[in-house]
Amino acid sequence: MERSPSIQNLTQGLAKFHTLVGKISKDAANPFFKKNYASLPHIITEVSEPLEKAGLILSQFPNGDGLTTMLIHADSGEFISATYTLQVVRQNDPQAQGSAISYARRYAITSVLNLAISDDDAEAAMRPVRQAPAPAPSKVPPTDHQFAGIVQYLNGTPEQQKTAKEALKKYTLTKDQTEILDGLL
């Protein structure tokens, strides 16, 4: 990152910008991942007026194998800038380079302006992390009181019998309990 010797006015402008910008909605869909995201044109449209009212200018330009983004305070000339190295999938392919530039522009704008945009299409840039399913709780034998209630329900109405059979799925029965139930099931 580079910056002017002072960024006091720039910082004040950025603070004003944040009071004006509001929440940026997701306006586009990524059909591959079936997720929504905020497109570059939409982000630019949403930040243009707040930037102007805050006295800030946002400028981006390709710079060798990167993209440089500058945030400038219009009156003082104070600035901050950063260069993002482009990740071009296929070298010598203008369309791939254009896609990399557009993608970098979108992320650089949201980073430099500290916008809270959750981009669902970023899954393309990283492998999704999957959590292992929680282990199933271990089954335990029912207490004597619970078992007596199950036996009573097994001898009851059809609805009570159904309830008792569902309850049995939650428990591991002891040998004695299994023998008692053999005559009822």
Side-chain angles (χ1 to χ4, degrees), residues 1-138 169-170:
M1 182 180 99
E2 294 183 31
R3 60 174 234 154
S4 57
S6 170
I7 58 169
Q8 180 179 358
N9 295 309
L10 175 73
T11 304
Q12 290 171 353
L14 195 53
K16 183 175 181 180
F17 166 79
H18 280 286
T19 65
L20 300 170
V21 72
K23 186 173 182 177
I24 297 178
S25 61
K26 297 177 182 181
D27 69 317
N30 180 324
F32 184 73
F33 288 107
K34 296 181 176 76
K35 300 286 183 168
N36 294 328
Y37 66 98
S39 68
L40 177 60
H42 181 64
I43 293 170
I44 291 171
T45 299
E46 293 294 311
V47 301
S48 291
E49 187 176 325
L51 282 170
E52 184 180 343
K53 287 182 177 181
L56 299 173
I57 300 167
L58 183 68
S59 180
Q60 295 183 300
F61 48 92
N63 182 8
D65 64 347
L67 173 81
T68 299
T69 301
M70 290 185 75
L71 183 62
I72 306 160
H73 185 259
D75 292 337
S76 68
E78 295 173 352
F79 73 93
I80 58 171
S81 71
T83 300
Y84 175 85
T85 303
L86 297 174
Q87 306 296 320
V88 181
V89 177
R90 293 177 306 279
Q91 298 299 322
N92 301 320
D93 180 346
Q95 190 170 9
Q97 189 169 15
S99 292
I101 290 170
S102 294
Y103 194 81
R105 287 186 67 201
R106 191 160 49 99
Y107 278 92
I109 290 171
T110 60
S111 296
V112 168
L113 296 177
N114 197 30
L115 300 174
I117 298 175
S118 173
D119 265 330
D120 294 329
D121 74 331
E123 292 178 64
M126 64 183 204
R127 182 179 239 188
V129 177
R130 297 183 186 261
Q131 289 185 327
S138 300
K169 293 177 184 177
K170 299 179 190 175

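Quick note: residue numbers are just sequence positions, from 1.
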**Message:** So, taking the atom named CD in Gln12 and the one named NE2 in His73, what distance separates them when rounded to the nearest 0.5 Å?
**Reply:** 7.5 Å

Report all side-chain donor-acceptor pairs from residues 14-22 shorter than 3.5 Å, counting only partners two or more places apart or in another chain.
{"from": "Lys16", "atom 1": "NZ", "to": "Lys53", "atom 2": "O", "distance (Å)": "3.1"}
{"from": "His18", "atom 1": "NE2", "to": "Leu113", "atom 2": "O", "distance (Å)": "2.9"}
{"from": "Thr19", "atom 1": "OG1", "to": "Lys16", "atom 2": "O", "distance (Å)": "2.6"}

**Asked** Which is it for Leu10 and Leu56 under the side-chain contact (heavy atoms from CB on, under 4.5 Å) test, yes or no, and what are the steps along the way?
**Response** CA-CA 7 Å; Leu10 175 73; Leu56 299 173; 3.6 Å; yes

**Asked** How long is the gap from OG on Ser111 to CZ on Arg106, to the nearest 0.5 Å?
**Response** 11.0 Å

**Item:** Distance (rounded to the nearest 0.5 Å) between Met1 CE and Ser81 OG
**Value:** 8.0 Å

Please report, to 0.1 Å, the donor-acceptor pairs under 3.5 Å made by any side chain of residues 64-72, with sequence neighbours excluded.
{"from": "Thr68", "atom 1": "OG1", "to": "Asn63", "atom 2": "ND2", "distance (Å)": "3.1"}
{"from": "Thr68", "atom 1": "OG1", "to": "Thr83", "atom 2": "OG1", "distance (Å)": "2.8"}
{"from": "Thr69", "atom 1": "OG1", "to": "Gln60", "atom 2": "NE2", "distance (Å)": "3.0"}

**Request:** Go through the steps for Leu40 and Ile109 under the test side-chain contact (heavy atoms from CB on, under 4.5 Å), then give the verdict.
**Result:** CA-CA 9 Å; Leu40 177 60; Ile109 290 171; 3.8 Å; yes

**Message:** Minimum heavy-atom separation for Ile44 and Ser48, please, with both atom names.
**Reply:** O-OG, 2.6 Å

**Request:** Kindly write out the residues that satisfy salt bridge (Lys or Arg N to Asp or Glu O under 4.0 Å) with Asp27, not counting sequence neighbours, or none if the list is empty.
**Result:** none

**With sequence neighbours excluded, residues passing side-chain contact (heavy atoms from CB on, under 4.5 Å) with Ala28** = Tyr37, Ser39

**Prompt:** Is Ser102 reaching over with its side chain to a backbone N or O of Ser99, donor-acceptor style, under 3.5 angstrom?
**Reply:** no

**Closest approach of Ala38 to Ile43 (non-hydrogen atoms, all atoms of both residues)** = O-CD1, 3.6 Å

**Prompt:** Rounded to the nearest 0.5 Å, how far apart are NE2 of His42 and OG of Ser25?
**Reply:** 3.0 Å

**Asked** Do you know which two heavy atoms are closest between Arg3 and Ile7, and how far apart they sit?
**Response** NH1-CD1, 3.3 Å

**Complete:** With sequence neighbours left out, the residues meeting side-chain hydrogen bond (donor to acceptor under 3.5 Å, both in side chains) with Glu78 are Ser6, Asn9

**Request:** Applying salt bridge (Lys or Arg N to Asp or Glu O under 4.0 Å), name anything that partners Lys169, two or more places apart in sequence or on another chain.
**Result:** Glu166

